4 protein chains.
Amino acid sequence: MDQEKLSEESRSKRDAILAAARTLFVKKGYEETTIADIAREANIAVGTVYLYFRSKRDVYTGVAVNIEDMIAASFLDPQLLSLPFTQIPRALVDGIFRVSREHMNLISFLQTDMQSSEEMLQHKDSNERITAILADIFQRAIERGELAPFHTEMYSQLLCLLGDNVMYQCFAVENGEREALYHDYFVEMVERLFFGPSLREGQDRSSADS
Amino acid sequence: MDQEKLSEESRSKRDAILAAARTLFVKKGYEETTIADIAREANIAVGTVYLYFRSKRDVYTGVAVNIEDMIAASFLDPQLLSLPFTQIPRALVDGIFRVSREHMNLISFLQTDMQSSEEMLQHKDSNERITAILADIFQRAIERGELAPFHTEMYSQLLCLLGDNVMYQCFAVENGEREALYHDYFVEMVERLFFGPSLREGQDRSSADS
Amino acid sequence: MDQEKLSEESRSKRDAILAAARTLFVKKGYEETTIADIAREANIAVGTVYLYFRSKRDVYTGVAVNIEDMIAASFLDPQLLSLPFTQIPRALVDGIFRVSREHMNLISFLQTDMQSSEEMLQHKDSNERITAILADIFQRAIERGELAPFHTEMYSQLLCLLGDNVMYQCFAVENGEREALYHDYFVEMVERLFFGPSLREGQDRSSADS
Amino acid sequence: MDQEKLSEESRSKRDAILAAARTLFVKKGYEETTIADIAREANIAVGTVYLYFRSKRDVYTGVAVNIEDMIAASFLDPQLLSLPFTQIPRALVDGIFRVSREHMNLISFLQTDMQSSEEMLQHKDSNERITAILADIFQRAIERGELAPFHTEMYSQLLCLLGDNVMYQCFAVENGEREALYHDYFVEMVERLFFGPSLREGQDRSSADS
DNA sequence: AATGAATGAGGGTTCATTCAT
DNA sequence: TATGAATGAACCCTCATTCAT
């Protein structure tokens with residue numbers, strides 16, 4: 001129990017640093033944030049930061065991975081898997097938008113320039129985790145006969161990349177000002193991809209607004 | 001004429017700086033590249049850089065815009081517009097891949113952290129320019145009756161974002177090792193989007209390769 | 001008895017710290033060795049070091065004195081005093097080389113920068129202790145009529161200094177690669193000093209080796 | 001000439017740094033002296049130090065080598081070579097003492113702990129330069145028949161080491177308080193080495209004082 | 001226009017030391 | 001006694017920027 005408490009405190013201090021860093025990175029950007037800033041915001045000493053992270057860059061990566069995991073978690077909603085596949089694309093998109101809206105400020109962390117190969121691996125892992133979850137959802141649909149077989153992994157990858165970038169554009173670049181628009185057309189595009197009809201043949205949905 | 005020559009020399013020195021900066025930014029990243037490095041690579045003095053750019057960040061912006069323009073240019077291929085629309089999606093994807101492959105190293109640049117809002121605007125501009133070109137292509141197809149009417153701008157936007165990230169993943173993260181795979185499925189996805197059949201109905205296409 | 005045992009444990013822990021420090025100072029140098037390193041090597045906690053030493057510098061001093069005492073001890077070999085003086089110079093040199101060879105790594109320690117005057121005094125003490133032993137040996141020889149009277153203290157001092165530096169050069173700088181050479185010529189020089197003949201007169205001895 | 005002046009200024013700035021560093025190293029010790037201190041003392045900016053030296057340690061080495069060269073220079077006195085050998089040992093010792101006395105504060109630099117191999121090489125070079133000069137002097141004496149042949153290099157080495165350490169002890173440890181004593185007995189010892197008589201046989205010189 | 005030596009503010013990082021447990 | 005997490009002062013070094021030539 002003593003062990004546990006220590007571990008808890010340890011965890012909470014690490015989290016405090018991450019929270020402080022997140023706040024500051026969002027407010028001032030990475031370069032403009034100093035370790036001293038982070039320590040002050042987290043109410044700890046400068047040196048303490050280095051007990052939990054090896055470098056400033058390490059703190060950054062921690063923040064970024066944190067966010068990516070948060071998004072991955074939104075796909076793990078057990079309700080999602082019990083839906084008929086016709087409702088899944090919309091549900092997925094809804095999930096991404098919800099998480100992104102709630103953490104709008106953090107979205108810019110989805111686009112990191114990854115200098116070190118170690119960092120790249122961390123991000124790649126995170127990306128693969130999400131991709132795998134998506135692919136699994138598609139695979140189940142195929143097995144249930146709701147979809148024709150296709151290269152689930154690659155489609156998951158592409159959709160994942162698209163999602164990342166749409167969130168970035170919608171929330172980080174445009175501050176969510178056109179969220180509804182992005183949401184609706186993202187849903188439409190994904191649904192069309194899975195269920196058709198194609199843009200050439202379909203006559204109904206796609207006509208109004210600017 | 002003297003004026004002109006001076007201006008020419010001026011232009012060429014500015015370009016030399018941009019070229020040097022591009023090389024170094026790609027090789028070492030922005031933070032790790034110093035003005036001294038750039039000056040050395042461009043065979044000029046440190047001070048001279050400041051005759052053509054106001055700050056290091058200014059040099060960076062110059063380089064970034066340069067690259068994005070290059071990509072935008074690939075869409076302006078006049079041949080593209082004279083193709084029947086059935087061939088256009090593939091041609092577009094081919095164009096993106098070709099430009100990206102040739103400038104593989106520059107791609108990672110498009111994703112570099114844009115903290116300041118000024119830079120974000122620049123990127124937004126660039127993005128909008130490309131998006132507009134795409135939308136125009138789609139609009140023409142609609143006018144020629146090759147496509148049903150749809151929200152061309154938003155679809156262009158989404159496709160554009162997808163393209164950016166696919167290029168980044170394919171060339172910057174994976175070093176182009178699975179280029180063929182990404183290419184084929186990117187084409188397939190876009191074609192399916194425009195021409196169907198949807199994944200639920202189509203039986204044939206999606207079986208080959210690893 | 002409890003007192004005694006505590007004191008023993010105390011002694012052994014202090015020694016453990018000194019041993020750990022010695023190893024690390026030799027391997028990495030004073031500046032590069034941290035208190036944390038020492039604690040780890042000694043299998044104790046950082047704070048414990050401060051129960052036995054007031055500061056890092058204090059640990060250093062402890063280590064240095066330790067080494068010098070070891071060398072001083074080699075001169076106290078009782079057999080040495082019972083030898084006829086003709087054999088004593090060689091025996092002395094042998095002793096120095098033996099101790100130095102065994103603790104090759106520690107020798108470089110004798111030369112570490114002693115900036116503070118307090119440390120200089122400690123060194124002076126240590127030096128004087130060794131010098132006194134040497135002078136005593138010479139004094140006995142004079143009393144036994146084996147040597148003409150001379151300024152024993154100053155000669156001891158000079159020889160002592162020479163010894164220090166020869167050991168440093170031979171073992172610390174050259175890693176003992178030319179030990180035999182240094183040994184032979186050190187013996188020769190000291191014997192020549194005490195027994196002649198001078199370099200101007202002697203014809204034989206100095207011809208062999210590389 | 002412009003070239004020359006620049007080079008001169010460059011030299012003088014480097015020398016200013018060395019002088020400032022020397023002063024401070026002597027006054028406060030290496031560790032306690034900061035680059036900022038040195039820059040202030042030299043009336044330049046911190047960054048400027050790094051235009052002339054790669055690191056703080058590099059400055060230190062510069063100071064040390066400077067001093068060693070100064071001593072080497074004292075051996076190059078052309079008058080020395082024209083003396084009959086009987087007067088050379090005393091002249092050599094006189095030279096060392098004169099230089100050392102003039103730069104008493106710097107003598108402690110003769111004893112550096114040399115961590116990096118690069119530093120060690122620099123010192124080794126310096127040492128070998130001095131040794132070679134000494135050996136050359138002896139060799140000439142042998143050729144002129146003033147000395148019997150002997151291992152000049154090794155004796156030079158040993159004498160050199162002895163000299164270094166005597167200077168260190170006399171001036172750095174004892175602040176020159178017993179300079180006369182050290183001088184006289186150093187001369188006596190060296191002369192006895194070269195010219196005899198040995199301590200066992202000689203009756204004259206070595207009796208008085210404490 | 002071109003130079004490049006000089007600047008100096010600023011930041012990441014280390015690590016000896018402390019103290020609550 | 002023993003611990004080791006926390007502290008925070010201090011320092012080396014970098015490098016964008018300037019300006020006298």
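So you know, we letter chains A, B, ... as the sequences are listed, proteins then strands, and number each from 1. Every value quoted in this text rests on a predicted model; they were computed, and no experiment measured them.
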| Among all residues two or more places apart in sequence or in another chain, which pass the side chain to side chain contact (heavy atoms under 4.5 Å, CB included) test with D:Phe53? | D:Arg14, D:Ile17, D:Leu18, D:Asp58, D:Val59
| remark: Whichever of A:Lys56 and B:Thr48 has the more 5' nearest nucleotide on DNA chain E, that residue is B:Thr48
| Residue A:Thr34, side-chain atoms from C-beta onward, closest of F:dA16, E:dA2, E:dG11 | E:dG11
| query | Can you name the side-chain hydrogen bond (donor to acceptor under 3.5 Å, both in side chains) partners of C:Asp37, sequence neighbours left out? | reply | C:Lys28, C:Thr34, C:Arg40
| Does the cation-pi check pass for C:Arg57 over C:Tyr60, that is, NZ or CZ under 6.0 Å from the six-membered ring centre and within 45° of its axis? | yes
| request: Could you check which residues of residues 37-46 of chain C get a heavy atom under 4.0 Å from DNA chain E? Sort them by number, please. | output: C:Val46
| NZ/B:Lys13 to CG/B:Asn43 distance, rounded to the nearest 0.5 angstrom? | 10.0 Å
| Atom-to-atom span, CD of D:Glu31 to P of E:dC15 - whole angstrom | 12 Å
| query | Which of these nucleotides, E:dT13, F:dT3, F:dC13, is closest to any side-chain atom of A:Ile35? | reply | E:dT13
| field | d(NZ, A:Lys28; C1', E:dG10) in whole Å | value | 13 Å
| query | D:Tyr52 side chain N/O closer than 4.0 Å to the phosphate oxygens (OP1, OP2) of E:dA5? | reply | no
| field | Out of F:dA2, F:dT7, E:dT3, whichever nucleotide has its closest atom nearest the side chain of B:Leu51 | value | E:dT3
| Given atom CD1 of C:Ile17 and atom P of F:dT1, what is their separation to the nearest angstrom? | 12 Å
| Whole Å only: how far is the CZ atom of A:Arg54 from the C1' atom of E:dC15? | 19 Å
| Taking atom P of F:dC12 as reference, at what distance in whole Å does atom CZ of D:Phe53 sit? | 15 Å
| query | If you write DNA chain F from 5' to 3' in dot-bracket form, with Watson-Crick or G-U pairs under 3.5 Å, [ ] for crossing pairs and | for pairs with another strand, what do you get? | reply | .||||||||||||||||||||
| note | Nearest heavy-atom contact between A:Ile38 and A:Ala20 is O-CB, 3.7 Å
| task | Using side chain to side chain contact (heavy atoms under 4.5 Å, CB included) as the criterion, list what pairs up with A:Ala16, not counting sequence neighbours. | result | none
| said: Please report the interatomic distance CD1(D:Ile35) to CG(D:Leu24), rounded to the nearest 0.5 Å. | reply: 10.5 Å
| request: Using whole Å, report how far CG of B:Asp58 lies from P of F:dT17. | output: 10 Å
| message | Minimum heavy-atom separation for A:Glu31 and A:Lys56, please, with both atom names. | response | O-NZ, 3.8 Å
| message | Expressed as a whole number of angstroms, how long is the span from D:Tyr30:OH to F:dC11:C1'? | response | 11 Å
Sort me out a list of protein N/O and nucleotides 19-21 of chain E N/O pairs below 3.5 Å, or just none if empty.
none

| On DNA chain F, nearest-nucleotide positions of B:Ser55 versus D:Ala36: which is more 5'? | D:Ala36
| query | In whole angstroms, how far is the P atom of E:dA6 from the CZ atom of D:Arg14? | reply | 14 Å
